[in-house]
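What follows is a single structure, written as structure tokens, with notes after it.
Here is the naming used below: chain letters follow the sequence lines, and residue numbers restart at 1 for every chain.
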There are 2 protein chains.
Amino acid sequence: MEKPRKSTSRGVGRQKVRGHSPANRSLQRGIEILRAFRPGSEVLGNGDIAERTGLSRATVSRLTQTLVGAGYLERDTALRAYRLGAPVLSLSHSMRSGSSLLAVATPLMLETAMAHKINVGLAVRDRDEMVYLESVRYSARASLRKVVSGQRVPIELTSLGRAWLAVTSAAERDGFIAHVRLKRTQHWPQLKVELERAIASVRRYGYCMATWQPEVVALATPIVIEGRLVCILNASLTTTVRPQEVVAALKNPLLELAKRIALAAR
Amino acid sequence: MEKPRKSTSRGVGRQKVRGHSPANRSLQRGIEILRAFRPGSEVLGNGDIAERTGLSRATVSRLTQTLVGAGYLERDTALRAYRLGAPVLSLSHSMRSGSSLLAVATPLMLETAMAHKINVGLAVRDRDEMVYLESVRYSARASLRKVVSGQRVPIELTSLGRAWLAVTSAAERDGFIAHVRLKRTQHWPQLKVELERAIASVRRYGYCMATWQPEVVALATPIVIEGRLVCILNASLTTTVRPQEVVAALKNPLLELAKRIALAAR
DNA sequence: CTTGCATTTCCATCTGTTGGAATGGGCGAG
DNA sequence: CTCGCCCATTCCAACAGATGGAAATGCAAG
């Protein structure tokens, strides 16, 4: 007679058990649905969404209808699927136009990128990834510079993420490291060493180095204003010369720029 | 104490009048809160949000907490207010990277903007505004071109919006016109004439013209693919010469580009 | 036409959400 | 420094509406 177990789907919503954080379940779920749309899976059917979020098909169907009504999802009837709608672009636009940090940082970043012919990026942490607020890509030809934002990169493999790890609270750092240990059991020993080195490097020199993508060497440094971690700045370039030389070339521009941003944003 | 926003959002949810439109109220409300953050009001306290959305303070407080937990809002403790969080940038990024329309349109738009030294934009309708998917701003100095997206412009005053009006369904057009008549009682007679002219122009010549901002003349044309309205394309430039001359200069590039985009996006 | 799969709707259950009122906290005026 | 104001948060009982399973519908391929 007892209900067997709805623990799978209900479990997700039950995270309010510990402590009190008045969380609206429907809203949470709706946002998880939006978050399921990410580069590589920009077109999802109700079934895909149900699978990725752990929600029941019926619930997904209703929530997607609501999101379509709100304009944040569009249905592609041919593919029986949804994609994100144009109104989400307005959220970005509002977010960016309201950010005083970006207002002061972007011109300085452009300046540094042009002066040293390097890429410069600014990111914050979101869950288990870093999100670029702004990324200025320097390109030799025609001084073409492309600016992207919203791109996500993994914390554990990038200079950005490791710099964040170095300056976040011990609790968050330990929690995240435990998470990664399970996620990357394969290369964990190697990875662990790299993380420890990066964290030590940030503490000693103010920056750390990583090469996540082949031939791209990146340095990152945290920006702290009034004792509060604000964001992570990085500088990178594509090259085949030895990383050590790149570090020597990048570290001063990076630290200098970080100082200027911190000063201007105060 | 009128609450136009409330009636709008309720209206959407209440379309279950004729049977069924499973709308999740909490999710709708949460999204209305996000939508309340727009250029000009990027920093809102719970009170402001309650006022703008017509929700009770208690409800707003709970929903904002949920949104903060999800990362879509950030609290600014100093100002006792919220602003949009960085993760919304990822939604834009995903939306853009999944849009096959943008993939084909952006290079063509850049090409046309450079070749004719004009601004080119692509937009869709969202509620009572047009939202730019992409906007290539041509600038003489150093061929500096700035690309923005997510910006919103009013339907009734812009070439983009009027071109949309001309090709949308009669029901939506009539509904919107009724809405504008109430919103702009002041200049309604003048506006009505302009709207009718624009609509006739789109039907006869395929485009319409408007100067919303001083010294900026814009033309717009709808892009229809397989009988389905997809988006609106516009071309504009800043000038002091007579509008008629500008129209002559812009109309061919605009219509040509629209054709190429429609062809490539099929 | 039938078959098969995915989505949507129906329905009874009951959880989670709601607004008003009480409480808590921060800030400025005095 | 204290007081008083204002805004945000929490509490509470009431109940609207969200939920998952099952049935129905829709769609496409065979």
Rounding to an integer number of Å, can you tell me how far [X] [atom1] sits from [N] [atom2]?
X	N	atom1	atom2	result
Gln65(B)	dG16(C)	CD	C1'	15 Å
Leu55(B)	dG20(C)	CG	P	12 Å
Arg62(B)	dT15(C)	CZ	C1'	15 Å
Leu63(A)	dT7(C)	CG	P	14 Å
Asn46(A)	dT25(D)	CG	C1'	15 Å
Arg75(A)	dC27(D)	CZ	P	11 Å
Tyr82(B)	dC7(D)	OH	C1'	11 Å
Ile49(A)	dT7(C)	CD1	C1'	12 Å

Identify which nucleotide among dT9(C), dT9(D), dT19(D) has an atom closest to any side-chain atom of Ser26(A), counting heavy atoms from C-beta outward. dT19(D)

Of the listed nucleotides dT10(D), dT19(D), dT9(C), the one nearest the side chain of Arg25(A):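 Of all the options, the side chain of Arg25(A) is nearest to dT19(D).
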
State whether a side-chain donor-acceptor pair under 3.5 Å links [X] with [Y].
X	Y	value
Glu134(A)	Ser149(A)	no
Arg38(B)	Ser90(A)	no
Ser97(A)	Glu42(B)	yes

Determine: side-chain N/O of [X] to OP1/OP2 of [N], distance under 4.0 Å, yes or no.
X	N	answer
Thr64(B)	dA8(D)	no
Arg80(B)	dT9(D)	no
Asn24(B)	dG17(D)	no

If you pin Gly47(B) and Thr77(A) to their nearest nucleotides in DNA chain D, which one's is more 5'? Gly47(B)

Electrostatic pair Arg52(B):Glu32(B) at N-O distance under 4.0 angstrom: no

Sidechain N-carboxylate O distance under 4.0 Å for Arg35(A), Asp126(A):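 Judged by the 4.0 Å cut-off on N to carboxylate O distance, Arg35(A) and Asp126(A) do form a salt bridge.
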
